[in-house]
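Here is how names work: the chains are called A, B, and so on, in the same order as the sequence lines, proteins then strands, and each is numbered from 1. Note that these values count all heavy atoms, side chains included, but never hydrogens, waters or copies made by symmetry.
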Protein chains: 2
Amino acid sequence: MLTELSPLTRKLSAFVALSDADVATLTRFDLRRRSFTPGHQMIHEGQSGSSAFVLAKGWAFSYKLLPDGERQIVGFHLPGDFLGLRSVLFRTSDHSIEAITRIEASEVLTSDILKSFAQAPRLATAVLWAASRDEAMVVEHLVNLGCRSAEERVAHCLLELGARLAHLELGDRTGYDCPLTQYHLADALGLSAVHVNRVLRHLREERLVTFQKGRVCFENFRRLTELAQFDEAYLDQDGPLLR
Amino acid sequence: MLTELSPLTRKLSAFVALSDADVATLTRFDLRRRSFTPGHQMIHEGQSGSSAFVLAKGWAFSYKLLPDGERQIVGFHLPGDFLGLRSVLFRTSDHSIEAITRIEASEVLTSDILKSFAQAPRLATAVLWAASRDEAMVVEHLVNLGCRSAEERVAHCLLELGARLAHLELGDRTGYDCPLTQYHLADALGLSAVHVNRVLRHLREERLVTFQKGRVCFENFRRLTELAQFDEAYLDQDGPLLR
DNA sequence: CGATTGATTGATCCCTATCAACCGACGTGG
DNA sequence: CCACGTCGGTTGATAGGGATCAATCAATCG
């Protein structure tokens with residue numbers, strides 16, 4: 001059965017045991033299927049009245065631009081992720097989201113979300129949980145920038161993506177396909193692209209990871225995890241709180 | 001009337017128009033009043049079964065510790081803030097919270113929260129909104145570390161605290177009382193305490209801000225805002241989405 | 001085929017960490 | 001009441017990590 005559920009349903013089920021009615025409501029989130037080409041701006045900072053999306057296939061990233069042109073990538077988004085929830089709750093979006101690969105996603109209207117909360121309180125809890133999990137990822141990202149060296153940051157980022165993809169069965173401990181450029185990594189990690197390149201070379205020379213031609217290969221998962229002080233606790237919370 | 005409402009109620013009212021029943025439910029969050037002394041650990045990372053708090057008076061901060069002893073301060077908390085919501089939703093806390101000043105707070109049990117969601121769906125939406133606002137602050141913090149220089153970071157941090165305190169009428173454009181040490185700033189901004197000191201001296205010499213003896217004084221609010229590229233949009237969202 | 005995008009490497013510079021020392025304020029205990 | 005330890009703030013000297021500037025190269029593409 002699980003294979004027939006949408007990625008979002010699967011994700012939320014990990015938190016609360018959803019009733020059939022809840023699942024039905026969620027299923028309604030999955031109509032209005034759309035697809036986007038690489039580079040498409042799905043959500044614009046400052047835009048009001050934008051809707052949210054549930055990512056079904058492909059990679060995206062959310063970011064903020066500063067007046068001086070600097071770009072900070074806040075996070076990368078993978079299938080199952082809820083995109084632009086904040087843009088809907090606040091009426092005007094405080095960040096932008098861009099497609100990296102070709103993307104398939106379901107558009108979710110503000111009214112869908114608010115109505116479903118009124119009808120299905122368990123679902124509201126589940127969405128709050130999912131939002132909290134996203135916040136936990138941003139927090140870990142913050143720790144990454146605040147406490148770690150360039151090398152540790154790159155390692156941590158590659159490991160986090162690996163762990164998230166593994167949950168989706170899109171990768172394993174040997175590696176995964178990764179459509180990011182070194183510029184993406186640089187803007188996510190607060191480094192220059194030139195330095196990201198050097199760091200990747202060093203990690204390769206140390207036989208820890210390689211990231212070439214769209215593929216990340218873990219050469220020494222153990223040592224890499226130690227180097228990055230990577231602890232995936234923040235990614236998979238232990239089972240349903242609400243039964 | 002507003003003055004009789006708890007800080008949390010006031011905050012959530014800014015988003016959804018709460019019914020009397022909702023307000024009553026929230027009022028129940030405000031029993032179990034407790035107080036803590038400076039330095040008290042209100043929430044421990046890794047601890048399970050901890051409860052959440054609504055901060056009524058005083059300052060606190062949440063942080064994460066890395067295995068190597070580095071500390072990243074994730075955010076500072078002011079009256080009205082919901083502390084440890086994530087610790088409750090995930091069963092085990094992924095961060096710690098420590099009191100900076102003497103604190104008064106109301107303890108909120110997990111069961112209170114979950115029950116209230118079932119009874120008052122609007123309230124669930126309001127809490128989700130509040131959580132999203134917190135996430136927006138973490139995101140801005142991330143941008144701070146990723147894109148700004150030491151000087152800009154310090155300026156931005158002092159401005160953000162000023163704006164938040166102004167909303168609470170605990171400060172204005174001239175300045176505010178600030179119980180932070182330079183070590184707090186350092187750990188929040190990914191800098192060394194020594195460097196924070198130098199930056200503060202420089203900002204003082206440039207007649208932009210002073211931070212001495214527990215008081216922040218804005219000397220040139222305009223120029224400081226420009227320097228920090230500070231835009232308070234992420235702090236106050238425009239009025240109720242749900243009426 | 002020229003143009004663009006992403007990866008790569010080298011040289012140089014500067015911002016910030018680190019180490020070290022010192023000061024004043026405060027609290028505590030002999 | 002003074003000695004002492006601690007904590008927060010301050011300043012100086014030095015070192016290093018990462019930015020910046022510049023050039024080259026491979027792959028892709030209209």
Which whole-number value in Å describes the distance from [X] [atom1] to [N] [atom2]?
X: His184(A); N: dG6(C); atom1: NE2; atom2: P; result: 8 Å
X: Leu189(B); N: dA17(C); atom1: CG; atom2: C1'; result: 15 Å
X: Leu180(B); N: dC7(D); atom1: CG; atom2: P; result: 18 Å
X: Asp187(B); N: dA17(C); atom1: CG; atom2: P; result: 11 Å
X: Gln182(B); N: dT10(D); atom1: CD; atom2: C1'; result: 8 Å
X: Leu185(A); N: dG18(D); atom1: CG; atom2: C1'; result: 16 Å
X: His195(B); N: dG16(D); atom1: NE2; atom2: P; result: 18 Å
X: Gln212(B); N: dG9(D); atom1: CD; atom2: P; result: 10 Å

Looking across every strand, which nucleic acid part, if any, lies under 4.0 Å from [X] by heavy atom: base, sugar-phosphate, or nothing?
X: Gly39(A); result: nothing
X: Leu191(A); result: sugar-phosphate
X: Arg198(B); result: base
X: Ser192(A); result: base
X: Gly214(A); result: nothing

### Message
Please determine whether a side-chain nitrogen or oxygen atom of Arg201(B) lies at a distance below 4.0 Å from atom OP1 or OP2 of dT10(D).
### Response
no
### Query
dG9(D) phosphate, OP1 or OP2: any side-chain N/O from Asn197(B) under 4.0 angstrom?
no
### Task
Count the heavy atoms belonging to other residues, nucleotides or ligands that lie under 6.0 Å from CZ of Arg173(A), then report whether that count exceeds 12.
no
### Query
Is it true that atom CZ of Arg215(A) has more than 12 heavy atoms of other residues, nucleotides or ligands lying nearer than 6.0 Å?
yes
### Task
For the pair Thr225(A) (side chain) and Phe230(A) (backbone), establish whether a donor and an acceptor sit closer than 3.5 Å, ignoring hydrogens and angles.
no
#### Entry: Separation between CG of Leu66(B) and CD of Gln72(B), rounded to the nearest 0.5 Å
9.0 Å
### Task
Hey, can you tell me if Phe61(A) and Tyr63(A) have their rings parallel, tilted or perpendicular (30° and 60° cut-offs)?
tilted
## Note on the structure
Out of dG18(D), dA7(C), dC19(C), minimum distance to the side chain of Val194(B) belongs to dC19(C)
